[in-house]
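Just so it is clear, the model here is predicted, and its values are computed rather than measured. No hydrogens, no waters, no symmetry mates; every other heavy atom, side chains included, goes into these values.
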Amino acid sequence: MSRERAHRRAAREAEAARERVVRQRQMARRARRRALVRRMTPTVRRGRTGRLPRHSRGERAAIVLLTMAAMILIWVFVADLALRIALIALLLLVLPAIVVIALDRRT
């Protein structure tokens, strides 16, 4: 009886060893494939690139909301259509300068 158990245990261990080898090969193949994909895909640079300053999401939202509020106020309080359009165009033209003056981090 003990010989049969030893024989079955040896068979189980041999099967587990074969499965381990197969699993290790699959993991190595996956790792090689991932490394190849990593080498082939271009890297995306995150963070500040270039000379223009970047603003946070909250700052960008504030810029858009305040600009929209100014446009609505112009539309409500100015009666002449040509003057409305001119003031909105002027606002959009000077908006970058206003943003730089208001949110410039170089103090």
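For Glu4, there are no side chain to side chain donor-acceptor pair (under 3.5 Å) partners two or more places apart in sequence or in a different chain.
Leu95 CG to Leu90 CG: the interatomic distance, rounded to the nearest 0.5 Å, is 11.0 Å. Interatomic distance, CZ of Arg12 versus CZ of Arg5, reported as 10.5 Å (0.5 Å rounding). Rounded to the nearest 0.5 angstrom, Arg9 CZ and Ser2 OG are separated by 9.5 Å.
The salt bridge (Lys or Arg N to Asp or Glu O under 4.0 Å) contacts involving residues 14-34 comprise Glu15-Arg18, where partners must be two or more places apart or lie in separate chains.
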For residues 62-85, which side-chain donor-acceptor pairs fall under 3.5 Å, sequence neighbours excluded?
| residue | atom | partner | partner atom | Å |
| --- | --- | --- | --- | --- |
| Thr67 | OG1 | Ile63 | O | 2.6 |
| Arg84 | NE | Trp75 | O | 3.3 |
| Arg84 | NE | Val78 | O | 2.6 |
| Arg84 | NH2 | Trp75 | O | 3.4 |
| Arg84 | NH2 | Val78 | O | 3.2 |

